[in-house]
Amino acid sequence: MAKKPKLDLREIENKWREFWEKEEIFKFNPSTNKKIFSIDTPPPYASSGHLHVGHALHYTQFEIIARVMRLLGREVYFPPGFDDNGLPTEKYVETKLGVSKKDVDREEFRKICLEESRKVEKDYAERVFKKLGHSYDWSLLYQTISPEAQRVAQTAFVRLYNQGDCYRKEEPVIWCPYHQTALAQAEVEDLKRTTTLNYIDFELAEGGKITIATTRPEFLPACVGIFVHPQDERYKSLVGKKAIVPIFKQEVEIMADEKVEQEFGTGIVMVCTFGDNTDIEWWKKHNLELRNMLNPDGTLNEIAGELAGKPIEDARREIIEKLRELGKLEKQEKLEQVVGACWRCGTPVEYIVTKQWFVRTLKYKKELIERAREIKWHPEFMRKRFEDWTNNLNWDWIISRQRYYGVPIPAWYCERCNEIIVANEDELPVDPTKKEKKCEKCGATAKPEEDVFDTWMTSSNTPEIAGRWLEKPEIYEKLAPFSLRPQSHDIIRTWAFYTILKSHLLFNRRPWNEVMIGTYVLDAKGKAMHKSKGNAIWAEDLIEKYGIDAFRYWVSTASIGSDLPFNETELVAGQRLITKLHNAANFVFMNLEGFEPDSKSSTEIDLSSLEKMDAWLLVKLSKTLDKVREHFENYEIHLARLEAEEFFWHTFADNYIEIVKRRIYSGNGKEKRSAQLTLYHAFLAILKMFSPVTCFITEDIFQRFYASKEGVKSIHISSWPAFNFANSELAEDVERVGDRFVELLKDVRKAKSNAKRAMNAKVKLGLANSDMELLAPALEDFKGVTCAEEIKQVENCDSLSVEFLQ
RNA sequence: GGUCCUGUGGUCUAGUGGUUAUGACGUCCGCUUGACGUGCGGGAGAUCCCCGGUUCGAAUCCGGGCAGGACCACCA
């Protein structure tokens with residue numbers, strides 16, 4: 001008798017995790033003959049806090065796909081990466097070490113950031129990725145702040161500049177007064193708030209007055225025009241006249257524009273440079289004067305007269321006070337308002353005019369939508385989000401940021417002749433502040449650019465960074481376009497969008513063949529989980545309680561692209577499956593003692609040499625394998641798992657094992673061997689179907705018995721089982737017999753249950769003629785599993801009769 | 001305001017024109033000793049969100065609602 005190993009999950013996890021790492025099971029082989037499956041993995045920002053289940057699920061979801069693809073015979077390129085380039089790192093370092101970037105040299109500050117992120121990342125890799133059993137090839141690790149990544153981002157920039165897709169221009173841009181940097185449209189989020197709508201009187205130059213409603217009275221000094229609707233009967237006569245701005249006394253013209261909402265406020269709008277988006281639009285359209293009133297830090301400048309130097313909020317209060325004193329404030333109303341805010345700090349954004357770098361985007365809307373259509377989206381409807389976003393864009397992509405920690409923009413400016421000097425590709429990566437450049441035209445020393453890139457400028461090149469575009473172009477060309485980009489839906493407008501844009505502009509092709517949008521986890525009540533709301537669930541707790549395989553099982557219940565309310569019973573179900581696999585292994589291996597398969601290949605099995613019910617199981621298994629494979633290939637992990645589980649639990653364990661026990665325990669040599677052969681191949685196939693999901697227990701079971709017999713180092717680099725039954729007619733016949741067998745077995749069990757008898761109660765059975773004939777080749781099995789002493793043929797009977805003995 | 005997604009027994013879930021509508025958890029009844037009481041069999045429990053339509057036939061297709069969620073646009 002084989003020893004029955006105790007199921008110690010923790011031990012199993014540690015043992016095989018170490019084994020995979022030591023044996024380099026997941027190492028990418030660049031000289032492979034296999035078809036390559038390359039994954040453009042999302043580099044997480046490594047944080048030291050608890051691991052959110054949503055995050056763990058997302059990363060495990062596509063990790064399962066990596067394992068699936070290996071099993072399906074692909075050479076998988078699965079590089080781990082970290083996103084350590086940008087504001088979160090800056091903030092982390094400032095808080096943790098108590099240094100402010102303002103007090104430290106830029107170079108020095110970057111060095112500290114780099115060191116700190118290395119530490120956090122190393123810890124994160126051990127604590128999260130390796131712990132969860134993720135099968136990355138760690139030799140391919142990349143960091144978005146590394147010199148290699150900087151070189152990629154800068155090279156992309158230089159190429160775009162040289163081909164005219166990148167330009168520098170003085171423009172009103174979206175501005176975060178807190179971070180004191182320009183922002184891209186994608187970095188702005190909605191902020192709902194209640195504000196005050198102020199009705200303010202303006203005098204007309206020729207006498208009389210008008211009333212204007214505004215939420216931003218502090219912008220009066222920057223007022224450059226007034227608009228009414230061209231069809232508005234109340235104000236038609238005003239068009240062309242001049243009004244005088246209260247307090248600041250500048251004269252502005254009253255003009256007409258269709259976009260004015262007659263019902264809002266008084267139906268008269270003032271335009272200031274710049275209070276909002278519409279101001280910019282009208283400023284451009286009507287060629288208005290520029291009265292740039294804001295400083296980069298969100299305070300007012302000399303245009304605001306005595307309010308100069310005051311922050312916006314203070315200025316607003318003071319102006320309202322003054323208007324009230326002057327009797328110019330008609331009334332005030334509460335107003336529900338949605339304003340754009342910086343996605344990181346929540347500060348409402350402003351618009352100021354500065355010189356910034358842009359990547360041409362608006363010009364390519366159509367092409368980008370075409371590119372996105374070349375890509376297969378999972379689920380399909382997520383592409384719509386991409387198209388909506390692209391269609392609605394109204395700014396080119398601003399790529400310069402007035403920050404310290406990031407990839408420097410490799411450019412210099414000649415202050416004498418205004419020439420822009422962009423670095424040569426062969427000097428990259430370069431920090432322009434550390435390298436002196438002379439103007440190519442006039443020879444003067446050029447002033448280095450101090451801004452850095454938007455982090456997406458780097459992240460949008462993850463295929464190139466992860467694929468070693470510049471370092472190993474021959475490998476990169478084999479990988480690109482990448483097979484798959486897994487990501488979450490909230491960054492379609494940024495990560496997916498910019499990556500498609502970059503790939504289109506740089507390589508004139510799609511960046512990947514497929515996109516898989518991960519599942520978003522909600523709490524049990526269907527609400528978003530937030531640490532602050534107290535409904536967040538931590539992955540560590542679940543792993544502690546249920547083990548990693550059960551956690552991964554839970555991940556496998558999620559379907560791509562739809563939200564998943566957290567359901568702890570799924571973890572319990574996972575635990576049950578793991579136990580069942582373990583117990584089934586005990587049974588199977590115990591009964592395969594001394595058994596040697598004829599051949600390693602299951603494709604060479606001759607159905608006609610097997611007992612009927614053995615053949616039946618393999619035919620069913622073969623069909624299951626096809627379905628599971630298809631679901632996996634469509635990234636429908638939940639359906640694949642469901643299918644595999646149904647087969648394992650019901651067809652294999654509840655029915656087949658019960659049927660085959662008689663032959664295993666007391667059958668003759670031939671019928672026993674048929675059963676053993678079937679058990680051997682069927683259970684191996686079952687393990688393989690589950691291996692991408694419950695990767696630890698399946699490896700453990702595989703190693704106990706199959707590894708040496710199959711001559712394979714790990715189940716995770718074994719091949720997908722295939723049965724190739726030459727005689728399909730025979731397969732059909734076998735299925736007809738077996739299916740009816742199982743139906744009748746169910747009826748017998750039901751009869752026993754109704755009579756409150758034990759399942760092994762002895763019976764006499766009566767079968768209809770047709771069934772008797774059909775079951776003839778498997779009659780001994782049927783007798784065995786039903787514990788029938790005798791089976792009679794019953795004339796003219798269309799159902800089963802069960803007679804109990806005793 | 002626009003677009004998209006979702007809506008199936010108490011809970012979660014499968015199911016893209018014909019099924020006695022799947023399975024899991026829970027619940028109830030019963031069984032047990034040659035893998036597993038972390039097991040096995042069975043039962044109860046569903047107006048398949050609502051209203052129309054197409055069809056011989058709809059959970060499934062179409063139209064209109066309702067509810068929840070997401071994305072986008074928004075207003076001085």
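Numbers restart at 1 for each chain; the letters A, B, ... are given by sequence-line order, proteins then strands. Keep in mind that the numbers below use all heavy atoms, side chains included, and drop hydrogens, waters and symmetry copies. All figures in this text were calculated on a predicted structure; none of them were measured in a lab.
Of the candidates C40(B), G42(B), A24(B), G42(B) carries the atom nearest the Lys750(A) side chain, counting heavy atoms from C-beta on. Considering only side-chain atoms of Asn754(A), the nucleotide from G42(B), A35(B), C25(B) that sits closest is G42(B). Distance from the side chain of Thr215(A) is smallest for A76(B) among the nucleotides C40(B), C72(B), A76(B). For His638(A), counting side-chain heavy atoms from C-beta on, the closest listed nucleotide (C40(B), A14(B), A76(B)) is A14(B). Looking at the side chain of Phe381(A), the nearest of the listed nucleotides C4(B), C36(B), G42(B) is C4(B). For Leu639(A), the listed nucleotide lying nearest its side chain is G15(B); candidates were G15(B), C31(B), A70(B). Counting only heavy atoms from C-beta on, Arg385(A) has its side chain closest to C71(B) among C71(B), C31(B), A35(B). Set against A35(B), C12(B), C71(B), the side chain of Glu570(A) has C12(B) as its closest nucleotide. Here the side chain of His650(A) is nearest to one of G30(B), A76(B), G23(B), namely G23(B). Nearest to the side-chain atoms of Trp649(A) among the listed nucleotides A35(B), C72(B), C40(B) stands C40(B).
Salt-bridge annotation for Glu281(A) and Lys285(A): absent, with no side-chain N of the basic residue lying under 4.0 Å from a carboxylate O of the acidic one.
Side chains of Glu333(A) and Tyr199(A): a donor-acceptor N/O pair is present below 3.5 angstrom, by distance only. In the model, Gln61(A) has no side-chain atom that pairs as donor or acceptor with a side-chain atom of Tyr635(A) under 3.5 Å. Using modelled atom types, one finds no donor on one side chain facing an acceptor on the other under 3.5 Å when comparing Thr214(A) with Asn198(A). No donor-acceptor contact under 3.5 angstrom links the side chains of Arg641(A) and Thr557(A), judged on distance only. In this structure, a donor-acceptor pair under 3.5 Å is absent between the side chains of Asp700(A) and His582(A).
Among the protein residues, Ser753(A) comes within range of the nucleic acid bases, having at least one heavy atom under 4.0 Å from a base atom. Residue contacts shown for Ala758(A) are limited to sugar-phosphate atoms, with no base heavy atom under 4.0 Å away. Ala653(A) comes within 4.0 angstrom of a nucleotide base, judged by non-hydrogen atoms across all strands. Among the atoms of the strands shown, only primed sugar atoms or phosphate atoms (P, OP1, OP2) are found under 4.0 Å from some heavy atom of Asp654(A). Nucleic acid contact class of Leu335(A) (heavy atoms, under 4.0 Å, all strands): sugar-phosphate only.
As rounded to whole Å, 13 Å separates atom P of U20(B) from atom CD of Glu743(A). For Phe683(A) and A35(B), the CZ to C1' distance is 10 Å, given to the nearest whole Å. Between Glu646(A) atom CD and U13(B) atom P the separation is 19 Å, expressed in whole Å. In this structure, the CD1 atom of Ile657(A) is 21 Å from the P atom of U32(B), given to the nearest Å. The nearest whole Å value for the distance from the CD atom in Glu568(A) to the C1' atom in C25(B) is 12 Å. Per the geometry, CG belonging to Asp563(A) stands 13 Å off P belonging to C5(B), to the nearest Å. Between the CG atom of Asn655(A) and the P atom of G39(B) there is a distance of 17 Å, given to the nearest Å. Protein atom CH2 of Trp554(A) is 19 Å distant from nucleotide atom P of C25(B), rounded to whole Å.
Nucleotide G34(B) is matched to nothing when pairs are restricted to Watson-Crick or G-U wobble geometry with both distances under 3.5 angstrom. Figure legend. A24(B) is base-paired to U11(B); pairs are counted as Watson-Crick or G-U wobble with both atom distances under 3.5 Å. In this structure U6(B) sits in a base pair with A67(B), meeting the Watson-Crick or G-U test at under 3.5 Å. Searching all strands for a Watson-Crick or G-U wobble partner of G18(B) with both distances below 3.5 Å returns C56(B). Nucleotide G1(B) forms a pair with C72(B), judged by Watson-Crick or G-U wobble geometry with both contacts under 3.5 Å.
Taking atom C1' on both C66(B) and C28(B), the two are 36 Å apart, rounded to the nearest angstrom. A gap of 42 Å separates the P atoms of C49(B) and U32(B), to the nearest Å. On the C1' atoms, G43(B) is 14 Å away from G26(B), given to the nearest whole Å. For G45(B) and U20(B), the C1' atoms lie 16 Å apart once the distance is rounded to whole Å. When the C1' atom is compared between G15(B) and G9(B), the two are found 15 Å apart, to the nearest whole Å. U8(B) and G23(B) have their C1' atoms separated by 13 Å, given to the nearest Å. Separation of the C1' atoms belonging to C36(B) and C31(B) is 15 Å when rounded to the nearest angstrom. Nucleotides A59(B) and G7(B) place their P atoms 15 Å apart, quoted to the nearest Å.
Taking a centre distance below 5.5 Å and an interplanar angle below 30 degrees as the stacking criterion, Phe264(A) does not stack against the six-membered base ring of A76(B).
Not one side-chain nitrogen or oxygen of Trp389(A) sits closer than 4.0 Å to the OP1 or OP2 atom of A73(B). Residue Asn760(A) places at least one side-chain N or O closer than 4.0 Å to OP1 or OP2 of U33(B). OP1 or OP2 of A35(B) sits under 4.0 Å from a side-chain N or O of Lys661(A). Side-chain N/O atoms of Arg576(A) include one lying less than 4.0 angstrom from OP1 or OP2 on G39(B). Dashed line: the shortest gap from a side-chain N or O of Asn277(A) to OP1 or OP2 of C75(B) is not under 4.0 Å.
In plain terms, the two heavy atoms of Ile492(A) and Arg385(A) that are nearest each other are CD1-CB, 4.2 Å.
Take the nearest nucleotide of RNA chain B for Ala584(A) and for Leu564(A): the residue whose nucleotide is more 5' is Leu564(A). Each of Arg216(A) and Val188(A) was matched to the nucleotide of RNA chain B holding its nearest heavy atom; the match closer to the 5' end belongs to Val188(A).
Taking the ring axis of Phe386(A) as reference, the NZ or CZ atom of Arg493(A) does not stay both within 45° of it and closer than 6.0 Å to the ring centre. A cation-pi arrangement is absent between Arg485(A) and Trp377(A) under the rule of less than 6.0 angstrom and at most 45 degrees off the ring axis.
Applying the 3.5 Å distance criterion, the base of C36(B) shares a donor-acceptor pair with the side chain of Lys580(A).
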